[in-house]
2 protein chains.
Amino acid sequence: MGNNSDEISEVIDNLRRSMKAINEYSKTAEKETGLTGPQLWAIKLVAGSAPIKVSDLARRMYLHPATVVGILDRLESKGLVQRTRSTEDRRVVEIDLTAQGRVVVSQAPEVAQGMLVKGLESLSPKKLSHVSESMRDIVRILGAEDFPPQLLFSQEVNLPLEPAKKP
Amino acid sequence: MGNNSDEISEVIDNLRRSMKAINEYSKTAEKETGLTGPQLWAIKLVAGSAPIKVSDLARRMYLHPATVVGILDRLESKGLVQRTRSTEDRRVVEIDLTAQGRVVVSQAPEVAQGMLVKGLESLSPKKLSHVSESMRDIVRILGAEDFPPQLLFSQEVNLPLEPAKKP
DNA sequence: AAAACATATTTGCAATGCAAATAATTTATT
DNA sequence: AATAAATTATTTGCATTGCAAATATGTTTT
């Protein structure tokens with residue numbers, strides 16, 4: 001170490017800045033939609049793969065089912081989601097968006113993701129590949145290769161961890 | 001857009017993975033120290049610049065003073081910090097570490113930061129400069145250049161936003 | 001049929017976080 | 001000097017997140 005030290009601490013600062021910025025933008029989205037972060041996250045996940053079981057939703061959010069039940073209670077009381085007990089397996093509850101919920105989701109900004117997509121698209125291919133490689137380095141350093149991505153702008157990521165339903 | 005799309009979504013995934021990893025490590029640190037994230041954060045800030053006023057601490061944590069008071073209550077009841085009312089300005093309360101608090105801070109792992117420092121140090125200078133530049137790009141994309149870094153391993157960052165005390 | 005398992009929920013708890021009100025003190029204004 | 005205004009920390013009240021443990025109901029396995 002020695003003269004790298006400034007560059008290193010700059011990288012870490014910038015990582016923290018990015019995290020803070022992403023969280024801030026998510027806070028802005030909260031204000032615009034009237035939903036809290038977890039609520040927004042949950043409703044977007046629902047929007048992406050409705051109908052979804054409570055347990056699956058909890059799995060994707062890495063939260064305890066009891067926590068998700070609370071979040072769903074609040075979303076339901078705002079009229080944004082609805083629960084229906086499955087007829088196939090009467091233990092499970094399927095979560096769906098209401099019409100109002102669809103409106104909210106469609107208007108909810110995806111600010112951080114949106115900015116990132118737009119900004120990254122504007123980079124030269126060379127620069128983009130540097131960024132891409134750098135993020136891989138950071139992920140490797142953090143030993144986070146196996147962390148599943150959490151909340152994405154594309155719908156077909158984040159497959160459920162459970163086996164598919166039976167025929 | 002088009003064929004960049006995979007690379008872009010990979011960057012975003014990796015950014016999220018990193019954030020998640022950093023948060024997870026902070027959770028681990030919580031378990032080891034018996035302190036919650038905000039408590040650990042607060043006590044480290046105190047350690048870095050004790051004695052510190054409540055209002056300064058709140059400013060540095062970007063939290064409402066009332067919130068910080070609650071955190072300090074819990075740290076104080078664990079015997080890790082102590083409050084002393086300033087004699088110069090009897091409105092202000094100075095926060096200090098207790099001996100026990102110093103022990104906790106000295107043993108508290110800085111996992112995420114530690115791993116990053118170590119990992120970044122092991123990169124070749126060329127790679128490090130790519131990483132460094134890439135993080136600058138991301139910060140610029142997010143418009144986060146002016147976000148102050150929050151929680152650093154070095155003590156002399158994060159200067160208070162208030163004017164210096166008068167002579 | 002009984003035991004084991006799975007699913008969602010309820011209850012009870014602790015912590016974060018804010019806003020508004022309050023008490024004490026200092027600074028500014030008249 | 002007296003009053004008004006501003007600052008500092010705190011208290012109170014509230015909503016939310018988050019978990020663990022217990023419960024109710026239903027399904028699968030033995």
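Here the structure is a predicted model, which is why all the values come from computation and not from measurement. The chains referred to below are lettered A, B, ... by the order of the sequence lines, with proteins before strands, and numbering in each begins at 1.
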Between A:R85 and A:E94, does any NZ, NE, NH1 or NH2 come within less than 4.0 Å of an OD or OE carboxylate oxygen? no
Quick one: side chain to side chain donor-acceptor pair (under 3.5 Å) partners of A:D89, sequence neighbours excluded? A:R91
Contacts of type side chain to side chain donor-acceptor pair (under 3.5 Å), residue B:E76, not counting sequence neighbours: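 Expected list: B:R83.
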If you fit an axis to the five pairs at each end of the helix from C:dA1-D:dT30 to C:dT30-D:dA1, how big is the angle between those two axes, to 10 degrees? 10°
Sequence-aligned protein contact record of nucleotides 9-20 of chain D, with B where the base is within under 4.0 Å of a protein heavy atom and S where only the sugar-phosphate is: SBB----SBBBB
Applying ring-ring contact (aromatic ring centres under 6.0 Å, His included), which residue pairs with at least one partner in residues 71-96 of chain A are found, sequence neighbours left out? none
Mind checking side chain to side chain contact (heavy atoms under 4.5 Å, CB included) for [X] and listing every partner two or more places apart, or none if nothing turns up?
X	answer
A:S124	A:K126, A:K127
B:V46	B:A50, B:I52, B:L57, B:I95, B:L97
A:A66	A:H64
A:S129	B:E7

Roughly how many Å is it from CG in B:D89 to P in C:dT25, rounded to a whole number?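 Result: 10 Å.
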